[in-house]
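Protein chains get the first letters and strands the later ones, always in sequence-line order, with residue 1 at the start of each. All values reported here derive from a predicted model rather than from experimental measurement.
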Protein chains: 2
Amino acid sequence: MSTTQTKRPRGRPSAFDYEDALEKALKIFWLRGYEGASMAELTKAMGINRPSIYAAYGNKEELFSKVLRRYMAGPVAYVAEAMHEPTAKQVAEKFLTKSAEFLSNQYNPRGCMIAIGTLFSGEGCEQVQQELTAYRQGYEKALRERFDLAKSKNDLPQSVNTTTLAKYIATVHQGMSVQAISGASREELLAVVEQALSNWPVNN
Amino acid sequence: MSTTQTKRPRGRPSAFDYEDALEKALKIFWLRGYEGASMAELTKAMGINRPSIYAAYGNKEELFSKVLRRYMAGPVAYVAEAMHEPTAKQVAEKFLTKSAEFLSNQYNPRGCMIAIGTLFSGEGCEQVQQELTAYRQGYEKALRERFDLAKSKNDLPQSVNTTTLAKYIATVHQGMSVQAISGASREELLAVVEQALSNWPVNN
DNA sequence: TTATTAATGTACCGTTCGTTACATAAATAC
DNA sequence: GTATTTATGTAACGAACGGTACATTAATAA
């Protein structure tokens with residue numbers, strides 16, 4: 001037999017699915033931000049009583065951290081995927097175009113949790129802010145490294161400053177999240193992307 | 001005599017200066033955001049007891065509203081001024097370059113209150129969100145109208161979509177605020193501005 | 001069966017939130 | 001002077017915050 005008997009753990013079994021509940025917490029944090037999401041609202045959305053949340057995920061900060069990991073692996077997984085496009089220009093196009101679609105997806109809350117999450121906040125959110133800053137710097141760095149690779153393959157002119165180019169693409173992406181929250185449509189976001197990429201550096 | 005006797009009002013005189021205290025509240029809201037700024041912190045910074053704040057400015061939401069007006073008239077007055085530059089390109093250059101300097105001014109809190117304020121928030125902040133959205137749409141509209149004027153004077157090609165161009169400039173500006181909060185330096189911001197404007201539409 | 005383990009639901013903890021009642025103090029009006 | 005007006009400082013309000021103690025329930029182990 002190839003069926004592996006999964007032995008049940010010792011005590012009372014969980015009444016909720018770990019990942020499902022995390023997904024529901026994600027929706028709340030995404031809509032409200034870290035501070036704007038209250039444990040009461042999270043509890044209600046997750047369908048779990050508070051002590052079970054703390055037992056399973058830790059405190060609010062740790063729950064948010066786990067939510068961020070799920071967010072990266074799910075809704076914004078397209079970012080990492082875009083890096084695999086064959087050319088630097090296609091990477092940028094894919095990244096921004098997919099973002100425009102993502103940000104105007106009617107089933108998502110507006111804006112990207114990582115791009116524009118917890119920019120201003122009260123005292124005691126320093127760790128959350130740092131974590132989000134690290135994520136932001138992370139995808140900007142991924143862009144830069146991808147552009148460095150392109151440069152080494154003559155896919156980008158040697159004159160290009162990859163740090164600046166990556167920061168520019170990240171800046172447009174972050175601005176697009178603000179635009180999405182402020183009411184921009186998919187068409188408008190795509191038009192901005194086209195404008196933003198119309199200055200792409202090319203070999204002569 | 002040309003000196004006009006300013007007659008003192010009836011009751012006990014205020015122990016604080018209205019605009020000075022508003023300036024101190026501005027610093028707190030700018031640093032913390034609307035929700036992150038507590039009345040306790042505001043009270044302490046303004047040097048006024050709470051009932052006096054409520055009497056002079058109304059509740060927290062109204063205080064924030066008055067702070068926004070002061071913010072527009074002071075720290076970000078350069079935005080309206082930039083519109084008066086002689087050409088559309090100079091308008092965009094001035095707007096973004098001044099923003100880069102503003103956002104990296106060591107004496108300011110990071111980020112622009114209006115560009116990226118209260119993007120995510122808990123229940124009960126709808127009015128503040130709407131007000132900030134209106135301000136954001138306001139300066140984007142000012143850019144568009146300035147570009148329309150430029151177009152009518154052949155300062156911009158007739159093929160230009162001014163709505164898109166204005167939205168693109170606003171998007172870069174908003175992204176720059178995120179970058180500033182995430183640690184970008186003045187030099188980096190200025191490099192992004194240069195990159196962002198390298199595709200400026202010109203008559204052939 | 002009995003012991004052990006772990007998750008559950010209830011009910012509450014202390015703190016902080018925005019806001020306000022109220023008595024007092026300091027000015028003008030008469 | 002006395003009355004009136006307005007701002008002040010103290011002190012507290014009810015509600016919401018993040019977090020937890022504790023008894024109970026439901027599973028496995030022996």
Round to the nearest Å and state the distance from [X] atom [atom1] to [N] atom [atom2].
| X | N | atom1 | atom2 | answer |
| --- | --- | --- | --- | --- |
| A:Tyr57 | C:dT8 | OH | C1' | 15 Å |
| B:Met46 | C:dG18 | CE | P | 13 Å |
| B:Glu61 | C:dG18 | CD | P | 12 Å |
| A:Ile48 | C:dT10 | CD1 | P | 15 Å |
| B:Tyr54 | D:dG9 | OH | P | 16 Å |
| A:Met39 | C:dT15 | CE | P | 20 Å |
| A:Glu123 | D:dG18 | CD | P | 16 Å |
| B:Lys60 | C:dT19 | NZ | C1' | 12 Å |

Assess the side chains of A:Thr164 and B:Glu188: does a donor N or O sit below 3.5 Å from an acceptor N or O?
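A:Thr164 vs B:Glu188: no donor-acceptor pair found between side chains.
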
side-chain N/O [X] vs [N] OP1/OP2, d < 4.0 Å:
| X | N | result |
| --- | --- | --- |
| A:Asn59 | D:dG19 | yes |
| A:Ser52 | C:dT8 | yes |
| A:Ser38 | D:dA16 | no |

Report the residue (B:Pro51 or B:Pro9) whose heavy-atom-nearest nucleotide on DNA chain D is the more 5′ of the two.
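Its nearest nucleotide lies further toward 5', so the answer is B:Pro9.
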
When you measure only distances, ignoring hydrogens and angles, does the side chain of A:Arg12 come within 3.5 Å of the base of D:dT25 through a donor and an acceptor?
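Such a pair exists between side chain and base.
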
Would you kindly check whether a donor in the side chain of A:Arg50 faces an acceptor in the base of C:dG9, or vice versa, at under 3.5 angstrom?
no

Sugar-phosphate, base or nothing in reach of B:Ala55, heavy atoms under 4.0 Å
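B:Ala55: no heavy atom of the nucleic acid under 4.0 Å.
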
Answer yes if the ring centres of [X] and [Y] are under 6.0 angstrom apart, and no otherwise.
| X | Y | answer |
| --- | --- | --- |
| B:Tyr71 | B:Phe29 | no |
| A:Tyr168 | A:Trp200 | no |
| B:Phe102 | B:Trp30 | yes |

For A:Ile53 and B:Gly58, take the nucleotide of DNA chain C holding the closest heavy atom to each; which residue's nucleotide lies nearer the 5' end?
A:Ile53

From [options], pick the nucleotide closest to the side chain of [X]?
| X | options | answer |
| --- | --- | --- |
| A:Ala15 | D:dT8, C:dC17, C:dT8 | C:dT8 |
| A:Asn49 | C:dT10, D:dT8, C:dT5 | C:dT10 |
| A:Pro13 | C:dT19, D:dA26, C:dT10 | D:dA26 |

Tell me whether the guanidinium CZ or amine NZ of B:Lys60 lies under 6.0 angstrom from the six-membered ring centre of B:Tyr34 and within 45° of its axis.
yes

